[in-house]
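I have placed the structure first, in the form of structure tokens, so that the comments after it can refer back to it.
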Amino acid sequence: MQCLQIYGEMWRKAVCSIPRYRPFSSSSATDIPTLYSFLQPSIFALKPNEQSKQPQDSTNSQTKTLTEEQKTTLQTTLEKSLLTHNTDEAWKSFKALTICCTFPNKPLTNSLITHLSSLQDTQNLKRAFASVIFVIEKDPKLLSFETVTTLLSSMNFANTAAPAFALIKCMFKNRYFVPFGLWGNMLVDVSRKSGSLVAFLRVFEECCRIAIDEKLNYMKPDLAACNAALECCCCELESVLDAEKVVATMSVLGVLPDESSFGFLSYLFALKGLEKKIEKLMVEFGFSNKRVFFNSLIGGYVKSGKIDSVSTTVLRSLGEGDGKEWIFSDETHCEVVKGYLQNGAMKSLASLIIEAQKLESPMLEFDKSFGYGIISACINLGLADKAHSILDEMNAQSGSVGLGVYVPILKAYSKEHRTAEATQLVMDIGNSGLQLDAGMYDMLIEASMTSQDFQSAFTLFRDMRDARILDLKGSYLTIMTGLMENQRPELMAAFLDEVVEDPRIEVKTHDWNSIIHAFCKAGRLEDARRTFRRMTFLQFEPNDQTYLSLINGYVTAEKYFSVLMLWNEIKRKISGGKEKGINFDHNLVDAFLYALVKGGFFDAVMQVVEKSQEMKIFVDKWRYKQAFMEKHKKLKVSKLRRRSFRKMEALIAFKNWAGLNA
């Protein structure tokens with residue numbers, strides 16, 4: 001029991017000693033409460049009945065010792081428990097050994113800690129953490145580097161920064177030096193997740209001191225760690241003195257800076273208004289790609305409110321890049337927008353875009369232009385109206401406006417279904433001599449059809465045709481499909497009539513069929529007939545689908561004579577060998593027979609029957625028996641004999657064929 005108290009006291013000592021460790025004192029004040037919250041309830045806390053049994057003077061208690069047989073039994077139990085994944089039993093055996101100030105062998109100790117770390121639950125992570133601290137304090141030779149990195153990796157995954165830093169500090173305090181390359185990046189990650197790199201900076205400084213003073217090259221931080229430390233000094237602490245200390249340390253360690261290193265420094269120097277230092281950085285900058293450098297510089301100027309310096313830097317960077325490359329990040333564009341608008345400098349921002357366009361190469365894709373980035377940033381920040389205001393200001397200044405400025409606004413209007421405004425903007429684009437591609441038109445037309453703004457869709461399609469765009473098929477189908485879905489056949493007919501002679505649009509019979517079908521479905525048979533006549537006039541051959549739509553429409557309206565006229569037309573075509581495009585199949589035969597029986601045109605019925613027999617098309621007679629009984633049940637052959645001998649013969653023939661004479 002005394003050793004358990006020592007164990008718990010050691011843990012409390014390890015935690016409480018953190019703020020007294022000078023190199024880390026600046027961050028330890030906030031670490032302790034967080035660390036305690038991680039460890040509560042304590043995994044070493046005694047139960048109430050155990051506390052009551054504690055002697056008043058624990059120093060008089062004797063440490064319990066284990067026999068070799070007991071040690072062997074506990075280690076065997078521990079090993080078997082790990083093999084069977086009985087975590088609680090394994091932990092119980094480990095505690096029984098350590099209470100008596102005895103450790104399992106090295107492989108078993110590391111296996112237990114690795115197992116606890118891998119479970120990824122808070123309770124077992126606490127167990128793994130406390131065990132590693134205890135082993136480092138008592139016998140660090142038992143601990144392998146891989147075990148420590150496994151635990152740190154689990155802490156990183158669990159986003160528990162405080163215990164991760166406590167572990168590193170314990171390692172340093174006890175001179176248990178694990179190579180920086182095994183844990184440095186994980187500590188940077190967990191620091192970023194916690195929202196601050198300050199704690200890492202203190203560890204970085206101590207690690208550098210150890211590497212230099214102890215001459216331990218494997219403790220030397222790498223470039224990524226140095227940049228994380230620089231980022232902390234420049235972006236969080238905003239301390240020139242601390243940043244220059246890190247740079248000096250990098251020089252001593254022989255770590256060469258990269259683009260990011262210069263970027264952090266440029267941000268800080270711009271923020272502090274240290275122009276001479278910035279000029280020196282530019283002289284020393286030895287990299288061909290200055291994108292990171294200029295983005296960081298602009299970020300510093302924006303934060304400090306130096307709008308004129310932002311403009312100067314943007315134009316300088318474009319000039320140095322010959323206007324041929326995409327320099328600025330999305331984040332930078334957003335920073336610039338917020339900086340200018342917060343300072344009420346919209347006119348200046350419009351002027352900057354105009355000047356930037358003059359420096360950009362004509363070969364630069366519009367979506368890589370500075371104007372595109374700025375306007376897109378406005379949209380992404382929820383400032384679509386501000387974007388249009390910038391456009392208006394550019395026009396007011398009589399500046400040239402590139403596609404890069406227009407396109408993001410069009411996309412925003414399309415997404416928000418502000419289709420009328422988008423259409424007007426397209427007209428403005430055309431008037432300025434610029435041209436959109438087919439993809440943009442397709443997007444805008446689809447948005448218009450979705451919003452049922454058919455007028456805008458038609459206007460955009462006319463503009464698309466006038467712009468001599470070759471690929472019109474996508475937008476044509478979008479309009480036709482949208483009108484069909486919205487049951488607007490009259491607009492379909494007008495639209496088709498307008499574009500039918502355009503060689504870029506491949507109008508086919510099925511387009512006319514769609515209109516005829518829609519008219520028939522709506523009961524507008526005269527419009528359907530008119531479309532049918534227009535179709536044949538333009539030499540589009542009707543097919544079986546054309547006739548099926550018309551037949552169904554006539555049957556619904558009980559206009560059976562019109563069906564007879566259709567049959568006569570098809571009969572002439574078939575007889576004359578001009579049945580091109582007509583698939584005289586079961587569906588068409590069935591439609592004609594049903595309609596003609598209903599209409600009482602039995603002579604035509606038998607003509608259809610004869611044709612179906614000739615083409616070996618199966619016919620279900622029961623359906624037509626039913627149709628006859630529904631419509632002509634009281635019709636007598638004797639009445640027809642007096643009126644028309646031919647009709648009488650046709651009726652008799654039908655009844656014989658259908659089996660109705662019985």
Step-by-step side-chain contact (heavy atoms from CB on, under 4.5 Å) determination, T160 to V190: CA-CA 7 Å; T160 51; V190 79; 5.7 Å; no
From CA spacing to verdict: side-chain contact (heavy atoms from CB on, under 4.5 Å), E446, M443: CA-CA 5 Å; E446 184 171 357; M443 178 193 72; 5.9 Å; no
Heavy-atom donor-acceptor pair, T109 side chain to P104 backbone, under 3.5 Å: yes
Exceeds 12 heavy-atom contacts within 6.0 angstrom, atom NZ of K92: no
Interatomic distance, L271 atom CG to S266 atom OG [nearest 0.5 angstrom]: 11.0 Å
Enclosure of E416 CD (heavy-atom neighbours >12, cutoff 6.0 Å): yes
C233 and L268, any side-chain heavy atoms less than 4.5 Å apart: no
Any L237 side-chain heavy atom under 4.5 Å of L201 side chain: yes
Side-chain touch S154/S118, heavy atoms, less than 4.5 angstrom: no
Side chain to side chain donor-acceptor pair (under 3.5 Å) between T147 and S144, worked out: CA-CA 5 Å; T147 300; S144 70; 2.8 Å; yes
R127/D121 under salt bridge (Lys or Arg N to Asp or Glu O under 4.0 Å): CA gap, chis, key distance, verdict: CA-CA 10 Å; R127 289 172 171 177; D121 66 88; over 6 Å; no
Parallel, tilted or perpendicular, as decided by the 30° and 60° cut-offs, for the rings of F103 and F134: tilted
Donor-acceptor pair, side chain of N295 and main chain of T332, under 3.5 angstrom: no
Side-chain heavy-atom pair L281, L265 within 4.5 angstrom cut-off: yes
CA sep, side-chain torsions, deciding dist, call: L444, T419, side-chain contact (heavy atoms from CB on, under 4.5 Å): CA-CA 7 Å; L444 295 169; T419 51; over 6 Å; no
Rounded distance [0.5 Å steps], CD1 in I136 versus CE in M171: 6.0 Å
Ring geometry between F200 and F204 (parallel below 30°, tilted from 30 to 60°, perpendicular above 60°): tilted
Side-chain (E485) to main-chain (G482) donor-acceptor, under 3.5 angstrom: no
Min side-chain heavy-atom separation H333-S376 under 4.5 Å: no
Greater than 12 external heavy atoms within 6.0 Å of Q75's CD: yes
Lys/Arg cation over aromatic Y301: K306, 6.0 Å, 45° cone: no
Point-to-point distance, once rounded to the nearest 0.5 Å, from CG of L230 to OH of Y267: 14.0 Å
Heavy-atom side-chain contact between K303 and K338 under 4.5 Å: no
Side chain to side chain donor-acceptor pair (under 3.5 Å) between H115 and T87, worked out: CA-CA 8 Å; H115 172 72; T87 303; 2.8 Å; yes
Whether over 12 other heavy atoms sit under 6.0 Å from F157 CZ: no
Within the 6.0 Å centroid threshold, strictly below: F293 and F262: no
Over 12 non-hydrogen atoms of neighbours within 6.0 angstrom of NZ in K386: no
Side-chain (N156) to main-chain (L152) donor-acceptor, under 3.5 angstrom: no
Test side-chain contact (heavy atoms from CB on, under 4.5 Å) applied to M440 and V407, step by step: CA-CA 8 Å; M440 281 298 302; V407 168; 4.0 Å; yes
All pairs passing salt bridge (Lys or Arg N to Asp or Glu O under 4.0 Å) where residues 281-297 contributes a residue, at least two apart: K290-E320
Name of the residue among L112, I99, L116, L74 meeting side chain to side chain contact (heavy atoms under 4.5 Å, CB included) with F94: L112
Test salt bridge (Lys or Arg N to Asp or Glu O under 4.0 Å) applied to R418 and D385, step by step: CA-CA 12 Å; R418 296 166 63 176; D385 290 335; 3.3 Å; yes
Side chain to side chain contact (heavy atoms under 4.5 Å, CB included) partners of S81, counting only residues at least two apart: T77, N86, E89, A90
Atom pair SG (C226) and CD (E231), whose distance is rounded to the nearest 0.5 Å: 13.0 Å
Main-chain N/O of V178 paired to W183 side chain as donor or acceptor, under 3.5 Å: yes
Reported CG-to-CG distance for the pair D330 and N380, which is rounded to 0.5 angstrom: 7.5 Å
N/O donor-acceptor pair under 3.5 Å between S153 side chain and T149 backbone: no
Residue pair N486, Q452: steps toward the side chain to side chain donor-acceptor pair (under 3.5 Å) verdict: CA-CA 8 Å; N486 285 280; Q452 298 186 15; 3.0 Å; yes
Point-to-point distance, once rounded to the nearest 0.5 Å, from CD1 of I113 to OG of S131: 5.5 Å
Beyond-backbone contact of P140 with N174, side-chain heavy atoms, under 4.5 angstrom: no
Side chain to side chain, S261 and L223, heavy atoms closer than 4.5 Å: yes
Flag for S475-D442: side-chain donor and acceptor within less than 3.5 Å: yes
Validation: residues 368-375 side-chain donor-acceptor distances under 3.5 Å, sequence neighbours left out:
| unit_1 | atom_1 | unit_2 | atom_2 | d |
| --- | --- | --- | --- | --- |
| S369 | OG | F366 | O | 2.7 |
| S369 | OG | Y372 | N | 3.2 |

Whether S414 side chain and L410 backbone form a donor-acceptor pair below 3.5 Å: no
Check: S451 side chain, S448 main-chain N or O, donor-acceptor pair, under 3.5 Å: no
Exam field: side chain Y340 to backbone V302, donor-acceptor pair closer than 3.5 Å: no
Intermediate values then yes/no, salt bridge (Lys or Arg N to Asp or Glu O under 4.0 Å), E206 and K173: CA-CA 11 Å; E206 180 63 9; K173 175 188 172 186; over 6 Å; no
